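Just below is one structure, and these are the notes that go with it.
Treat the numbers as computed from the prediction; the structure is a model and nothing was measured.
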Amino acid sequence: MGHGRNVIDELMTDHREVEEMFARIQAMTAGGQQLRDMVDEVTIELVRHSVAEEQHLYPAVREHIQGGDRLADKEIADHGRIEKILKQLEKTDTDTAQMSPLLQQLMDEVAAHVQDEEKNLFPVLRQACTPQQLDDLGDKIRRAKSMAPTRPHPAAPSTPTASKLLAPGVGLVDRARDFVTGRGKS
């Protein structure tokens, strides 16, 4: 987390990291604690990434891109579906039959979202914003990820204002829970 680049490079690096996590999950031959640790790790990364995008990327899309409201709304809807799957995964025992289809559903949703952002949203954003604006957004994204929640909260509001107000407090509680339980330390 925190790659020190413009917003597009930052988010694309996150995308590659999540893809690597998914590859490690797919390579696993059994469930158990090792799978739970990897699911927790990918959940932490996806939640932080989503919150940061909702706080900073999508408002910039709305502001700088013609038709940006439609694009941002679509991406936020993608996040909602992904967060619901993450919440289901959080409650599912890794050794049950439900785990594999849920993981596949998550991987499919994330892959479609990543492809859409990288092929459609990022090129338009790169043309609409100056290099300085993209760098500034990258800084904002990195700061937001450092304070973002680490657990899925699908019922939480996804508006930028609500997210900016609530995410740091929720993130603090999530990180405290993670510290006590050792979650995300694999």
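- Remark: side-chain polar atoms of Asp95 are paired, donor with acceptor, to backbone N or O of Gly32 under 3.5 angstrom.
- By the 4.5 Å heavy-atom criterion applied to side chains, Asp136 and Asn6 are not counted as neighbours.
- Put simply, the side chain of Arg62 does not reach to within 4.5 Å of the side chain of Leu71, judged on heavy atoms.
- With values rounded to the nearest 0.5 angstrom, Glu75 atom CD is found 8.0 Å from Asn120 atom CG.
- The two residues Thr92 and Met99 have their closest heavy-atom pair at O-CE, 3.3 Å.
- Between Val39 and Leu106, the closest side-chain pair of non-hydrogen atoms is not below 4.5 Å.
- The distance from atom NE2 of His64 to atom CG of Leu134, rounded to the nearest 0.5 Å, is 8.5 Å.
- With a 4.5 Å cut-off on side-chain heavy atoms, His79 and His113 count as touching.
- Looking at heavy atoms from C-beta onward, Leu137 lies out of side-chain contact with Ile8 at the 4.5 angstrom threshold.
- Between Asp69 and Val61 there is no side-chain heavy-atom pair separated by less than 4.5 Å.
- Atom CD of Glu118 and atom NE2 of His15 lie 5.5 Å apart (nearest 0.5 Å).
- Considering only heavy atoms from C-beta on, Met12 stays 4.5 Å or farther from Glu117 through its side chain.
- Between the side chains of Thr96 and Gln98, a donor-acceptor pair is found at a separation under 3.5 Å.
- Taken to the nearest 0.5 Å, the CG atom of Leu125 stands 4.5 Å off from the CD1 atom of Ile65.
- Atom CD of Glu83 is separated from atom CG of Asp78 by 12.5 Å, given to the nearest 0.5 angstrom.
- With hydrogens and angles ignored, the 3.5 Å screen pairs no side-chain donor or acceptor of Thr94 with any backbone N or O of Leu35.
- Using modelled atom types and a 3.5 Å distance limit, the side chains of His49 and Glu53 yield a donor-acceptor pair.
- Gln33 and Asp37 are linked by a side-chain donor-acceptor pair at a separation below 3.5 angstrom, with hydrogens and angles left out of the test.
- A distance of 8.5 Å separates CD in Gln105 from CG in Leu89, rounded to the nearest 0.5 Å.
- Counted within 6.0 Å of CD on Glu109, heavy atoms from surrounding residues, nucleotides or ligands total more than 12; the atom is thus considered enclosed.
- Here Asp139 does not pair with Arg143 in a salt bridge; the nearest charged N to carboxylate O distance is not below 4.0 Å.
- Using a cut-off of 4.0 Å between Lys/Arg side-chain N and Asp/Glu carboxylate O, Asp116 and Lys119 are scored as not salt-bridged.
- Taking a 6.0 Å sphere around CD of Gln26, one finds it holds more than 12 heavy atoms contributed by other residues, nucleotides or ligands.
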Please determine whether side chain to side chain contact (heavy atoms under 4.5 Å, CB included) holds for the pair Ile141 and Lys145, giving the CA-CA distance in whole Å, both sets of side-chain angles, and the decisive distance to 0.1 Å.
CA-CA 6 Å; Ile141 291 284; Lys145 286 192 299 186; 4.1 Å; yes
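- Listed for the Arg142 side chain is a donor-acceptor partner under 3.5 Å among the backbone atoms of Arg5.
- Residues Gln55 and Ala144 approach most closely at OE1-CB, 3.1 Å, considering heavy atoms.
- Salt-bridge formation is not detected for the pair Arg48/Asp14: no Lys NZ or Arg NE/NH1/NH2 atom is positioned less than 4.0 Å from an Asp or Glu carboxylate oxygen.
- Side-chain contact between Phe122 and Leu11 is present, with heavy atoms from C-beta onward closer than 4.5 Å.
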